[in-house]
Amino acid sequence: MPKSRIRKKADYTPPPAKQATAIKLNSRAWVAPVMLAMFLIGLAWIVVFYVTDGSLPIDQLGNWNIVVGFGFIAAGFGVSTQWK
């Protein structure tokens with residue numbers, strides 16, 4: 001019986017390694033102060049509303065002052081999503 005021919009295979013060469021790209025984690029400098037300011041303004045708005053029995057900060061808004069205070073707090077959370 002004749003001997004079969006042996007196929008020569010190319011040596012295995014692994015694919016080139018990918019270069020790791022550096023991720024820049026530079027936080028925007030304005031984010032933390034604005035976020036904290038929004039939180040504090042919202043908290044102060046609600047506290048002033050309760051302490052003055054609804055006559056301040058804006059008397060015409062009535063109980064909607066609570067919504068304004070929580071709006072500032074929600075805006076603070078919205079700004080916090082920009083923090084890296």
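Atoms CD1 and CG, from Ile41 and Leu36 in turn, are 11.0 Å apart once rounded to the nearest 0.5 Å.
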Contacts under 3.5 angstrom, residues 63-78 side chains, donor-acceptor by atom type, not counting sequence neighbours:
{"from": "Asn65", "atom 1": "OD1", "to": "Trp45", "atom 2": "NE1", "distance (Å)": "3.2"}
{"from": "Asn65", "atom 1": "ND2", "to": "Ile58", "atom 2": "O", "distance (Å)": "2.9"}
{"from": "Asn65", "atom 1": "ND2", "to": "Gly62", "atom 2": "O", "distance (Å)": "3.0"}

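Partners of Val79 by side-chain contact (heavy atoms from CB on, under 4.5 Å), not counting sequence neighbours, listed by chain and number: Trp30, Val31, Val34, Met35.
Hydrophobic clustering of Ile, Leu, Val, Met, Phe, Trp and Tyr side chains at less than 4.5 Å, counting indirect connections, unites Phe39 with Ile46.
The other residues sharing a hydrophobic cluster with Leu56 are Val48, where clustering joins ILVMFWY side chains under 4.5 Å apart.
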